[in-house]
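Since this is a predicted model, take the numbers as computed values, not measurements. Remember, it's 1-based here, ligands and their atoms both numbered in the order they're listed.
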Amino acid sequence: MKYEQAKKLVKKNLSEKRYTHTKNVKKMAVKLAKRWGADPEKAALAAILHDAAKELPKDRQLQIFAENAIIAENAPMRPTSVWHGIAAAILCETEWGVHDPEVLSAIRCHTTGKPGMSLLDKIIYMADMTSAERDYPGVEALREEEFEDLDMALLHALKRTVDFVKEKGGRLDDQSVAAYEDLCAQLGARAQQ
Ligand SMILES: [Fe+2]
Ligand SMILES: [Fe+2]
């Protein structure tokens with residue numbers, strides 16, 4: 001599936017609000033891709049599809065995991081908030097003809113990050129955190145930082161997510177913590193700044 005088809009599919013499947021968010025994520029992802037030398041077409045495709053499964057009922061998502069148990073890995077055991085990225089990546093591969101592993105990975109890990117994130121993974125994660133309609137304390141600083149130093153912006157964004165879930169008393173996904181710790185280790189002394 002190419003970008004234009006994907007756009008039609010999500011327009012049909014998402015509420016107006018989430019479709020607007022999706023288009024904003026796409027704009028930000030393309031800007032970041034151009035800034036950091038990633039493929040803007042891959043960034044656009046991953047961004048337009050990242051929340052494609054977000055409005056599917058949870059039991060439908062569980063069914064997708066059950067029917068694709070090998071690709072789904074341990075998805076049913078993870079917090080429900082991260083299911084939609086995995087479900088979207090599975091639907092891309094099994095029904096929508098999107099087979100690019102970089103695009104699939106970026107969609108799959110967009111809510112949590114993961115250890116060893118690729119450039120495209122980082123771009124989609126950050127574009128989702130900083131899309132134009134996002135409005136939370138610190139979002140402006142992240143929008144500046146992601147164009148100056150993508151890894152440091154990612155570190156701060158991951159930390160924000162981990163702290164936010166802890167504060168709310170929600171269930172933290174192991175991958176969010178693993179992504180943060182992996183990036184801290186990679187950045188070494190810079191992570192302490
Ligand atoms: Fe999402
Ligand atoms: Fe999103």
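Legend: residues meeting side-chain contact (heavy atoms from CB on, under 4.5 Å) with S118, ordered by chain and number and at least two apart, are L120, D121.
Judged by distance alone, the side chain of S176 and the main-chain N or O of L172 form no donor-acceptor pair under 3.5 Å. Side chain of D149 to main chain of M152: a donor-acceptor pair is present (N/O by atom type, distance under 3.5 Å, no hydrogens or angles). A donor-acceptor contact shorter than 3.5 Å links the side chain of Q5 to the backbone of K2. Checked by atom type and distance alone, the side chain of W36 pairs as donor or acceptor with a backbone atom of E146 at under 3.5 Å.
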Practice task
Apply side-chain hydrogen bond (donor to acceptor under 3.5 Å, both in side chains) to the pair D182 and Q186, showing each step before the final yes or no.
Solution key: CA-CA 6 Å; D182 175 68; Q186 276 184 47; 3.0 Å; yes
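Inside a sphere of radius 2.8 Å centred on the Fe ion (ligand 2), the protein N/O/S atoms present are H21 NE2, H50 NE2, D51 OD2, D128 OD1.
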